[in-house]
Amino acid sequence: MTQRVAVLDYGMGNLHSVESALREAGASDVLVTADAEAVLAADRIVFPGVGAIRDCLAELRRLDCDKTLRLAVNRGTPVFGICVGMQSLMTRSEENGGVDCLGFFDGTVTRFPRNHSDDDGTKLKVPHMGWNQVSQGLEHPLWDGIEDNAYFYFVHSFFLPAVGSDCVMGSFDYGVKGSAAVGKGNVFATQFHPEKSHDNGLKLLANFLTWDGTC
Amino acid sequence: MSLAKRIIPCLDVDHGRVVKGMNFVGIRDAGDPIEIARRYNNAGADEITLLDITASHEQRDITYKTVEQIASQVFIPLTVGGGVRTVTDIRRLLNAGADKVTINTAAIFNPDLVRESAERFGSQCIVVAMDVKALHDGSGRYELFSHGGRNATGIEAIEWAQRMAHLGAGEILLTSMDRDGTKGGYDLLITRAISDTVDIPVIASGGVGTLDHLRAGLTEGGADAVLAASIFHFGTYTVAEAKAYLAQSKIPIRE
């Protein structure tokens, strides 16, 4: 039976890239929608996000996507969050003067420090923009066939510190140690963009398409 | 582990075809942008930049279609620019599948466009492109040019970069007009000066002829990414050769 993937469309950014990457990774039935019924009828859900977190959450709530997402998660539907999508799943973000998020995971998203530099004194630019290595902290079915320390594409100014949480599935190093991926039960989310991470990203999405939501 | 330096092939597109000028004039056809973008995606490029040099509004629809087609086949970041004037232009390009949009002349006439679009779409997708030229008046200063390098603005380059970063630009694409198309290497002085001044990433552009020019842009120039067109389009070097060379020079590269 063909599985349907819903890409949650709450008006933030271009979702075609996510849709194209899912198709390239093997999904034949991808629906970009905010309609609760359609999302809940899907076999898997991708929750992308681009832009400022306050606007993202406002739109999510306005369209009741937060409720839909919660229902789907409780039902055990596999969910994949991307970038601001991942950040929205946390307890709180310090972006835009501080915003309460959806609280699926414990943790506060914070900004990279100002005058931020590497161990050897090299100035580190913000946004953290480009390809960085992801150290797979914990085993997870979604990492199958992806080498430890593989490169993925990041672009963000806020991040979730990779300490003090048992849901961090991978981390990156950029002067500070940040969470590259979080996971718990049937939810997995990445700070990087799998849809822009070439072969490694497509492999991760392909793994998501066959994942049964357990780990 | 660290953030890799990026290699970015640049497609200058005119009326839907990839071209590459010599000092912004004298254009040579290099082919179909969708085919070329797909080739670079498969060859290990870290990102692709498409600059639409047509610069006339009636031709814009070709660009949106081209961007859509590239975005559906390329799974690395895509930056698009050329003739971007309004928030609506930016939204249309992002909706067509661009990950980042470069603003050049419009930022000079309306700096607020940078602030407004960064607030609306996020700094991460707003790239300010700067075409600069050394003044050669003994001051060591560089001047910013508008309209694809045609008009002098009287604006000093470093101050401009600072101002753009302050307004919310997420990245600077710095092109040396003196070097563009010469194959003599990037202008390392201005690249270093701007990279040291701003806290956002800087892409060096203009003048690559050898692989060592890429290395110099990243080390002496302090750039976060290097952009090149003709050395890749005409097959002088492959992206893989460039990466192997940089890796040998101990520069962090995504292999």
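This structure is a prediction, so every number in the text was calculated from the model and none was measured. Letters A, B, ... are given to chains in the order of the sequence lines, protein chains preceding strands, and every chain is numbered from 1.
- Heavy atoms closer than 4.5 Å to chain A are found in the side chain of B:E171, but not in its backbone.
- Looking only at distances, no side-chain donor or acceptor of A:N149 sits under 3.5 Å from a matching main-chain atom of A:Q133.
- Ranked by heavy-atom pairs under 4.5 Å with chain B, the list A:H16, A:H156, A:E19, A:E24 is led by A:E24.
- Residue contact with chain A, scored on non-hydrogen atoms closer than 4.5 Å, involves the backbone and the side chain of B:S72 alike.
- No side-chain donor-acceptor contact under 3.5 Å links A:T108 to the backbone of A:S93.
- Taking B:A4, B:P77, B:S123 one by one and counting their heavy-atom pairs under 4.5 Å with chain A, the maximum is reached by B:P77.
- For the salt bridge (Lys or Arg N to Asp or Glu O under 4.0 Å) criterion with A:K125, the lone passing option out of B:D199, B:D196, B:D224 is B:D224.
- Of all the listed residues (B:G170, B:P201, B:P252, B:A225), the one sharing the greatest number of non-hydrogen pairs under 4.5 Å with chain A is B:P201.
- Both the backbone and the side chain of B:R254 come within less than 4.5 Å of a heavy atom in chain A.
- Both the backbone and the side chain of B:D46 come within contact range of chain A, with heavy atoms under 4.5 Å apart.
- Using a distance-only test at 3.5 Å, with no hydrogens or angles considered, a donor-acceptor pair links the side chain of B:R192 to the main chain of B:E220.
- Ranked by heavy-atom pairs shorter than 4.5 Å toward chain A, the options B:G44, B:A71, B:G97 are led by B:G97.
- B:K5 does not touch chain A: none of its heavy atoms, backbone or side chain, sits under 4.5 Å away.
- Between the side chain of A:N96 and the main chain of A:G98, no donor-acceptor pair closer than 3.5 Å is present.
- Looking at A:N200, its side chain never comes within 3.5 Å of a backbone N or O of A:F152 through a donor-acceptor pair.
- Between B:L93 and B:Y64 there is a side-chain heavy-atom pair separated by less than 4.5 Å.
- One N or O on the side chain of B:R85 and one on the backbone of B:G83 form a donor-acceptor pair closer than 3.5 Å.
- At a 4.5 Å heavy-atom cutoff, the contact between B:V202 and chain A is made by backbone and side-chain atoms alike.
- Of the atoms belonging to B:N41, heavy atoms from both backbone and side chain fall under 4.5 Å from chain A.
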